[in-house]
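What follows is a set of notes on a single structure, which appears directly below.
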Amino acid sequence: MNHTAIKSILTGDGTEHSQTVCGWIRTKRESKNVIFIELNDGTSLNTLQIVIDKDAQIISDEMNHRLLTGASVKAVGLVKPCQGASQSVELQAQSIDIIGEAPTDYPLQKKRHTFEFLREIPHLRIRTNTFGAVARVRNTLAQSIHDFFQQRGFLWIHTPIITGNDAEGAGSMFQVTTLNMDAPPRSGSGQIDYNQDFFGKKSLLTVSGQLQVENFACGMGHVYTFGPTFRAENSNTARHLSEYWMVEPEMAFCNLDGNRELAELFIKHLLSTVLNTCQEDMDFFDKWISNGLIDSLQKVLSSPFVHLPYTDAISELEKSGEDFEYKPVWGSDLQAEHERFLTEKVVKGPVAVTDYPKDIKAFYMKQNDDNKTVRAMDILVPRLGEIIGGSQREDNFDKLKARMQEMNMDMDEYQWYLDLRRYGTIPHSGFGLGFDRLVQYVTGMQNIRDVIPFPRTPKSMIL
RNA sequence: UCCCCUGUAGCUCAGUCGGUAGAGCGGGUGGCUGUUAACCACUAGGUCGGCAGUUCGAGUCUGUCCGGGGGAGCCA
């Protein structure tokens with residue numbers, strides 16, 4: 001069907017000309033002589049007002065009754081300056097065709113719905129203002145992630161979804177199997193015999209592409225992963241999904257300082273891209289979802305990212321006199337309330353906290369000479385807290401091996417990882433960014449389930 | 001996983017002390033009007049999440065199960 005995007009009509013110069021548009025009816029208002037239809041086709045947050053002059057006999061009474069909210073229609077007519085106050089242009093209809101009717105039990109009405117209700121109809125919620133805006137911003141962010149890395153010569157590496165490795169021990173994993181779950185084959189000792197499973201071993205869905213992408217960094221230089229990730233944690237919060245998308249760059253010949261610099265450039269690139277290319281949608285979020293949103297993003301954009309070692313951060317928290325629910329103690333991880341306090345009250349802007357105690361961080365992080373801390377970094381931003389977590393990786397074979405043994409890891413499973421340090425080891429660093437949390441942060445949406453098309457959470461997988 | 005809140009019309013919600021179901025929007029009919037969440041009048045629409053219990057009587061109280069939300073933990 002040859003038709004024009006509503007977005008291009010709304011942003012046109014307003015000179016009178018003929019156009020064909022296709023979309024879904026958001027609402028209809030009727031007067032004695034004229035019918036107004038607000039049509040949306042997803043290309044823009046805004047609707048195009050279709051004006052139907054009753055005297056022109058374009059539609060019958062019977063057809064008028066079928067022009068209900070939710071119906072899909074094709075309209076041909078003249079684009080003209082609008083006589084009303086709310087729009088710049090409108091379409092004076094010459095013909096209207098109903099493509100698909102929407103009976104009166106169409107669940108979406110023109111008034112506000114709760115996000116909880118819309119979560120139950122993920123296939124239809126995309127036809128609302130908010131979810132359309134989220135989808136467009138999400139798309140822009142994904143594209144700008146690729147742009148950022150591609151401009152800098154990073155290779156996009158497709159790390160596997162199915163893995164045999166429990167990367168960094170980051171919580172429970174989903175198992176992938178073709179074994180008969182009613183009667184799995186068992187070995188003599190009664191254990192499930194994974195030799196008979198599809199891959200001949202126990203296999204799982206990835207919780208991170210980092211360990212595999214490190215292989216590519218140690219051979220290709222600058223690389224990144226961007227893909228789906230899975231966690232079987234029983235987390236029921238507004239910030240957790242069981243299936244989510246993650247971005248993980250990894251750089252060869254790069255220490256923690258370089259890592260921090262890249263993270264700052266990265267965040268600023270993403271924010272400026274969205275603010276520049278999604279103005280309409282961002283204005284919508286600022287007005288209806290989170291007041292002051294744009295201002296808060298612009299502040300991050302214009303602020304230098306302050307570097308604050310963990311030990312100094314703890315001192316700042318201790319001397320603040322703030323009554324925290326959890327007392328800050330050297331050796332314990334920063335609580336969400338501590339992170340927010342550091343970025344919102346102490347630094348009053350984005351901050352990179354580095355060099356955390358080694359016992360609260362993953363085995364692969366590079367050990368500092370003090371033997372107490374590792375070269376880890378978390379980037380914290382106001383309103384959210386942690387947005388990026390990363391580290392310089394341990395590149396010393398002996399130190400890494402010792403740390404892995406100390407943590408009782410299965411050494412046989414990680415010989416390939418140790419090989420990177422055995423043969424031509426290099427300093428390298430990287431970080432991870434939860435893509436959906438980024439979308440949440442940028443849009444101001446309260447619940448992460450509303451920034452991914454089809455959310456998967458414990459006990460919930462609609463569609 | 002723990003704590004708290006919640007489930008009533010297609011949607012958003014009200015429902016007092018336990019006494020037998022209400023509003024707005026959406027739909028229908030009529031009126032009015034280049035309207036902007038249009039407006040006015042009338043009208044249709046209900047297994048009050050499921051099961052069990054207390055009671056003469058349960059939307060309301062109790063138990064339990066299921067769903068949803070918020071906070072915490074785990075984390076991205």
Side-chain angles (χ1 to χ4, degrees), chain A residues 25-38 46-47 49-55 61 65-66 68-70 80-87 90 92 102-121 124-125 128-129 167-172 206-210 228-248 288 325-326 333-337 339 360-362 378-379 384-390 431-441 446-452 455 457-460 462:
Chain A
I25 297 176
R26 282 290 178 80
T27 181
K28 181 175 77 170
R29 287 180 295 273
E30 195 169 345
S31 300
K32 187 174 188 179
N33 302 313
V34 73
I35 298 165
F36 301 98
I37 287 173
E38 288 192 27
N46 293 315
T47 52
Q49 176 162 280
I50 313 291
V51 184
I52 302 169
D53 190 345
K54 283 184 174 173
D55 290 339
D61 280 355
H65 277 88
R66 294 189 289 129
L68 297 174
T69 300
K80 292 178 164 185
C82 186
Q83 296 175 30
S86 304
Q87 306 87 353
E90 63 188 15
Q92 182 73 46
T104 58
D105 59 354
Y106 180 63
L108 298 176
Q109 56 173 59
K110 54 177 145 187
K111 279 181 88 166
R112 207 188 148 270
H113 290 283
T114 60
F115 290 135
E116 291 83 356
F117 167 67
L118 294 171
R119 257 169 238 154
E120 295 169 9
I121 46 169
L124 294 175
R125 69 175 182 173
T128 64
N129 285 337
E168 67 185 276
S172 325
T206 184
V207 292
S208 164
Q210 181 200 314
T229 312
F230 308 86
R231 305 256 167 122
E233 295 286 346
N234 192 9
S235 298
N236 294 289
T237 80
R239 313 177 294 286
H240 287 86
L241 292 165
S242 307
E243 175 184 299
Y244 64 100
W245 286 61
M246 188 150 67
V247 186
E248 295 170 291
W288 297 106
E325 191 181 341
Y326 293 88
D333 208 355
L334 296 175
Q335 298 288 318
E337 57 174 341
E339 294 179 339
I360 59 172
K361 289 294 181 183
D378 282 357
I379 309 276
L384 180 75
E386 180 183 338
I387 190 167
I388 275 177
F431 60 79
L433 168 97
F435 181 63
D436 311 273
R437 284 190 182 173
L438 171 74
V439 179
Q440 205 185 348
Y441 173 64
Q446 295 284 310
N447 197 307
I448 201 164
R449 294 162 205 175
D450 299 328
V451 300
I452 190 166
T457 55
K459 296 278 183 293
S460 175
I462 303 169

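So that the names make sense, note that chain A is the first sequence line, chain B the second, and so on, each numbered from 1. Predicted, not measured: the structure shown is a model, and the values here were computed from it. All values below were derived from every heavy atom in this structure, side-chain atoms included, with hydrogens, water molecules and symmetry-related copies excluded.
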Between B:C74, B:G73, B:G69, which nucleotide has the shortest distance from any of its atoms to the side chain of A:His240?
B:C74
Is the shortest heavy-atom distance from the side chain of A:Asn129 to the side chain of A:Arg26 under 4.5 Å?
yes
What is the base-pairing partner of B:G7, counting Watson-Crick and G-U wobble geometry with both distances under 3.5 Å?
B:C66
Short side-chain to backbone donor-acceptor contact, A:Gln440 and A:Ala238, under 3.5 Å
yes
CD/A:Glu90 to CZ/A:Phe36 distance, rounded to the nearest 0.5 angstrom?
7.0 Å
Base, sugar-phosphate alone, or nothing: which one does A:Gln335 contact when heavy atoms must sit under 4.0 Å apart?
sugar-phosphate
Does the side chain of A:Arg29 get closer than 4.0 angstrom to OP1 or OP2 of B:U33 through an N or O atom?
no
Report the base-pairing partner of B:U60 (Watson-Crick or G-U wobble, both distances below 3.5 angstrom), or none.
none
Table of protein N/O atoms under 3.5 Å from nucleotides 22-26 of chain B N/O atoms:
from  : atom 1 : to       : atom 2 : distance (Å)
B:C25 : O2     : A:Gln109 : OE1    : 3.3

A:Tyr106 and A:Leu68, any side-chain heavy atoms less than 4.5 Å apart:
no
For a quick test of reading the model: is some side-chain N or O of A:Ser460 closer than 4.0 Å to OP1 or OP2 of B:G68?
yes
Between A:Arg125 (side chain) and A:Arg119 (backbone), is there a donor-acceptor pair under 3.5 Å?
no
Opposite nucleotide pairing with B:U33, Watson-Crick or G-U, both atom distances under 3.5 Å
none
Is A:Arg119 near enough to B:G69 that one of its side-chain N or O atoms lies under 4.0 angstrom from OP1 or OP2?
yes
Pick out the pairs of N or O atoms, protein on one side and nucleotides 1-6 of chain B on the other, that lie under 3.5 Å.
from : atom 1 : to       : atom 2 : distance (Å)
B:U1 : OP1    : A:Asn234 : ND2    : 2.7
B:U1 : O4     : A:Asn234 : O      : 3.2
B:U1 : O4     : A:Asn236 : ND2    : 3.0

Looking at A:His65, does any N or O in its side chain come under 4.0 Å of the phosphate oxygens OP1/OP2 on B:U29?
yes
My understanding is that a pair needs two contacts under 3.5 Å, Watson-Crick or G-U wobble. By that rule, which nucleotide pairs with B:G22?
B:C13
Beyond-backbone contact of A:Thr69 with A:Leu108, side-chain heavy atoms, under 4.5 angstrom
no
Opposite nucleotide pairing with B:C2, Watson-Crick or G-U, both atom distances under 3.5 Å:
B:G71
Under 4.0 Å between any heavy atoms, over every strand shown, what does A:Arg26 touch: base, sugar-phosphate, or nothing? Just pick one.
nothing
